Amino acid sequence: MSKQEKVSVDTASIKNYPTPPRDADDKLLAELGYKAEFKREFSMIETIAFAFSIMGVVASVSSTFSFPLVSGGHVGMVWGWLIPCFFVMAVASSMAELVSSMPTSAGLYYFSAKLAPPKYSALASWITGWANITGQVTLVCSIDFTCAQMIATAIAVSSDGAMIVSSGATYGILLAILFAHGLVCSAATNILARLNLFYVILNVGTTIAAIIALLVCSGGNRVSTNEAFTMFENNTGWSNNGWAFLLAFTAPMWTLTGYDSAAHISEEVAGAQRTAPIAILVGVFGTQALGWLLLIACSFATASVASLLTSALPLPMGQLFLDVLGKRGMLVIWCFIIVVQFVTGAAQGVDASRVIFAFARDNALPGSRWWKRINRRTQTPVNAVWLVMVSAAVCGLLGFSAAALTSLAGASVIGLYVSYATPIFLRITSGRDKLVPGTFSLGRWYMPIGIIAVAWVSFIVDGADYAVVIIMGVFIFASISWVVSAHKWFHGPIKNIDDLGSSSEGKEL
């Protein structure tokens, strides 16, 4: 078998199956160099539910609602969401093609290793892996910290403002949420798969309920269609309206992250070559569509942008629901949104733990022998789960500063999208002839779509502010560790199965 053929298995033998048998999945994984260590208990619908739930549309829009309010008002809500969606779909489509070719929990850093020039394969894998881990862990923290803020908002509203939760108490709530997520994410694969069906029903149901409630209950306070779609307000303090509007892109970019999760759980998915790319595309498009409809409803229901921005509540979306639905109605819908945010954090915790496990399986992390262990009872990487939760708790200390917390959210976006763009860039440059397509392929369109995806990520990273400091800190650490020692012992993904299917840990792929 040639080196190129080892990148992806010939799919002819499994394309005739609507859901390929598990032995075909394990054969594919073996050809990628890994032995099967998980139970494949995620079906097509459960994988789509997982990819969709990890973006938690109604909770994510509620978390980031301040960005479009500040950066364009009504225009920021409607068009600040829609415009990035087209470019994000280019990134998602390119990623779906890579996942279909190489469905492994290693995901992005594996793709980079296989598509980079041989001389730089290990370095490309190293940088991609660290960027992805940074994004994964900071995203867990920012999701759960926002969940804590939502709980603080509910407490403030229920007490009519008499009880305002302090920063210290909010951090305490964060720790409790992380502990609960540690327990949930340590569960067996079949339990996690079934939970995601509940997650997606709750997510979609709450989003639709929020849209209807905002449109119906706003009544005579609704703004006109013209105002809802065209009224621009610059509350950033910047004189340049164009640059101010671009900040509204933060909301969709933060929401539309984590869809690489379909790759990271692909070793737990039945028919991964077909299922994982479909989950990415359906999850991203569904989140984009529902998110846009929700923000259109928010735009119609927002009578005064200024009043929302001056609210004493931690999250302006809470004030909007309070204004439109009243105290009782707001608390009802808000409780559902809190639950959506909680399950979003749980899904992200599972995703992050699989990244940690995979990187440790290739001996790329300090203490890898601990983090790559699979629990015998649950057959999940429990140690990796708790490493994610402890790391997120440390990152949560930044929540005592509003500016630092915003930068943390930005760091998750930059870290993840840099890790998304790196293998895509390699695909359209050095890896043009290396990828053997899976069941999903972009065909000749891979080049223009890949160029759009990489250009968009470059634009987003270039426009980032203090979040770059966090990311640069990680890159400096990764670079120094590479120069000092890692280049001597990290050679990219490590084969842990031989041609006969037995364990062969430690061999370079």
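Since the model is a prediction, treat every value here as computed from it, not as a measurement.
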Determine, step by step, whether Gln341 and Ser63 satisfy the side chain to side chain contact (heavy atoms under 4.5 Å, CB included) criterion, reporting the C-alpha distance in whole Å, the side-chain angles of both residues, the deciding distance to 0.1 Å, and the verdict. CA-CA 9 Å; Gln341 186 75 343; Ser63 302; 3.3 Å; yes
Less than 4.5 Å apart, side chain to side chain, heavy atoms only: is that true for [X] and [Y]?
X	Y	value
Pro381	Arg354	yes
Glu268	Glu41	no
Trp482	Phe477	no
Trp334	Met150	yes
Tyr34	Ser105	no
Leu115	Thr429	no
Trp386	Leu183	yes
Phe50	Ser261	yes

Check against side chain to side chain contact (heavy atoms under 4.5 Å, CB included), Met89 and Val284: CA-CA 7 Å; Met89 185 55 74; Val284 169; 3.8 Å; yes
Ignoring hydrogens and angles, tell me if any N or O in the side chain of [X] forms a donor-acceptor pair with the backbone of [Y] under 3.5 Å.
X	Y	answer
Thr47	Thr275	no
Ser60	Val57	no
Ser419	Leu416	yes
Trp371	Asn363	no
Asp25	Gly271	yes
Ser125	Ala122	no
Ser481	Ala478	yes
Ser101	Gly438	no
Ser62	Val58	yes
Asn375	Thr378	yes

Working for side chain to side chain donor-acceptor pair (under 3.5 Å), residues Glu46 and Ser43: CA-CA 5 Å; Glu46 289 162 346; Ser43 65; 3.2 Å; yes
Check: Tyr420 ring centroid to Phe111 ring centroid under 6.0 Å: no
Is the distance between the ring centroids of His181 and Phe342 less than 6.0 Å? yes
Can you establish whether the number of heavy atoms outside Phe285 located under 6.0 Å from its atom CZ is more than 12? no
Is the number of heavy atoms from other residues, nucleotides or ligands within 6.0 Å of CZ (Phe425) greater than 12? no
Could you go through the side chain to side chain contact (heavy atoms under 4.5 Å, CB included) check for Leu256 and Cys85 one step at a time? CA-CA 8 Å; Leu256 297 168; Cys85 286; 4.2 Å; yes
Ion pair present between Glu37 and Lys372, side-chain N to carboxylate O less than 4.0 angstrom? no
Under a 4.0 Å threshold between the charged nitrogen and the carboxylate oxygen, would Arg40 count as salt-bridged to Asp26? yes
Will you find, in the side chains of [X] and [Y], an N or O donor that is under 3.5 Å from an N or O acceptor?
X	Y	result
Thr128	Ser112	yes
Tyr259	Asp351	no
Thr170	Gln149	no

Got a second to check how far [X]'s [atom1] is from [Y]'s [atom2], nearest 0.5 Å?
X	Y	atom1	atom2	answer
Leu174	Ile143	CG	CD1	12.0 Å
Ile449	Ser93	CD1	OG	5.5 Å
Ser353	Asn383	OG	CG	11.0 Å
Leu123	Tyr120	CG	OH	9.0 Å
Thr104	Lys114	OG1	NZ	10.5 Å
Thr344	Asp144	OG1	CG	9.5 Å

Are Arg373 and Trp370 in a cation-pi setup, meaning NZ or CZ lies under 6.0 angstrom from the ring centre and within 45 degrees of the ring axis? yes
Heavy-atom pair of closest approach, residues [X] and [Y]:
X	Y	value
Ile54	Ala347	CD1-O, 3.6 Å
Val385	Ser186	CG1-OG, 3.8 Å
Ala116	Ser430	CA-OG, 3.6 Å
Thr255	Val61	OG1-N, 4.3 Å
Leu294	Ala210	CD1-CB, 4.0 Å
Gly291	Trp81	CA-CZ2, 3.7 Å

Fit a plane to each ring of Phe359 and Trp126, take the angle between them on a 0 to 90° scale, and name the class: parallel (under 30°), tilted (30 to 60°) or perpendicular (over 60°). tilted
Residue that, paired with Val137, satisfies side chain to side chain contact (heavy atoms under 4.5 Å, CB included) out of Val140, Ile133, Leu139: Ile133
Where do Trp456 and Met253 land on the side chain to side chain contact (heavy atoms under 4.5 Å, CB included) test, with the steps shown first? CA-CA 11 Å; Trp456 173 250; Met253 292 307 296; 3.5 Å; yes
